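Sharing a structure here in structure tokens format.
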Amino acid sequence: MSELCKLTFGYLGLLVLLALTVASSFLDLGGFNVALNLAIAAAKAVLIALLFMHLTGTLPRLAVAATGLWLAILFGLTLIGR
């Protein structure tokens, strides 16, 4: 698959996720709205990281995983302090 084709599908995927975000703003789902919008935002972040930042090798994935683990530890320690 050519690079242009990958980027085109990535762009179209981002547009679909944007449409889902806008559509979810018109729905009253209570507390589920936050979870849905966070899931959509996470999908957008993964798509951008893989396609546009070229984080497909082993070392970048390890760095992203370590950063995510460190962020989870910091959030956990912040919640314990309450």
Side-chain angles (χ1 to χ4, degrees):
M1 184 181 272
S2 71
E3 187 70 22
L4 182 62
C5 189
K6 285 182 188 178
L7 292 177
T8 303
F9 282 129
Y11 178 71
L12 291 175
L14 285 172
L15 285 177
V16 168
L17 290 170
L18 174 68
L20 284 174
T21 303
V22 171
S24 73
S25 71
F26 292 110
L27 298 175
D28 184 24
L29 301 175
F32 187 65
N33 266 2
V34 174
L36 179 65
N37 287 332
L38 284 175
I40 293 171
K44 288 179 193 176
V46 167
L47 193 60
I48 288 170
L50 290 177
L51 289 176
F52 299 112
M53 297 173 68
H54 303 289
L55 296 179
T56 55
T58 305
L59 188 60
R61 283 186 187 171
L62 180 62
V64 169
T67 303
L69 178 64
W70 182 247
L71 190 61
I73 290 170
L74 290 177
F75 278 138
L77 290 174
T78 301
L79 293 175
I80 288 173
R82 288 185 134 198

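Not measured: the values here are computed from a predicted model.
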OH of Tyr11: more than 12 outside heavy atoms within 6.0 angstrom?
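Open: at most 12 neighbouring heavy atoms sit under 6.0 Å from OH of Tyr11.
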When clusters are formed by joining ILVMFWY residues with side-chain heavy atoms under 4.5 Å apart, either directly or through shared neighbours, do Leu15 and Leu20 land in the same one?
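Each belongs to a different hydrophobic cluster.
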Euclidean distance, Ile40 CD1 relative to Leu17 CG, rounded to 0.5 Å:
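Reported value, rounded in 0.5 Å steps: 7.0 Å.
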Distance check, rounded to the nearest 0.5 Å: Phe32 atom CZ versus Asn37 atom CG?
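One gets 9.5 Å once the value is rounded to the nearest 0.5 Å.
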ILVMFWY cluster, Met53 and Val64 together (side-chain gap under 4.5 Å)
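The answer is yes; both residues are in one hydrophobic cluster.
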Locate the shortest heavy-atom distance separating Ser24 from Leu36; write the atom from each residue and the value.
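Heavy atoms of Ser24 and Leu36 come nearest at CB-CD2, 3.7 Å.
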Do Leu50 and Leu47 sit in one hydrophobic cluster, given that two such residues count as connected whenever their side-chain heavy atoms are within less than 4.5 Å of each other, even indirectly?
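The answer is no; the residues belong to distinct hydrophobic clusters.
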Nearest 0.5 angstrom please: Leu79 CG to Leu74 CG, how far?
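Taking CG in Leu79 and CG in Leu74, the distance rounds to 11.0 Å.
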Shortest non-hydrogen separation from Leu18 to Lys44 and the atoms involved:
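Answer, listing the atom of Leu18 first, then Lys44: N-CE, 4.1 Å.
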Any side-chain to backbone donor/acceptor pair from Asn33 onto Leu27? Under 3.5 Å, distance only.
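Looks like yes, one N/O pair under 3.5 Å.
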Using a 4.5 Å cut-off on heavy atoms from C-beta on, say whether the side chain of Leu7 contacts that of Phe52.
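Of all side-chain heavy-atom pairs linking Leu7 with Phe52, at least one is under 4.5 Å.
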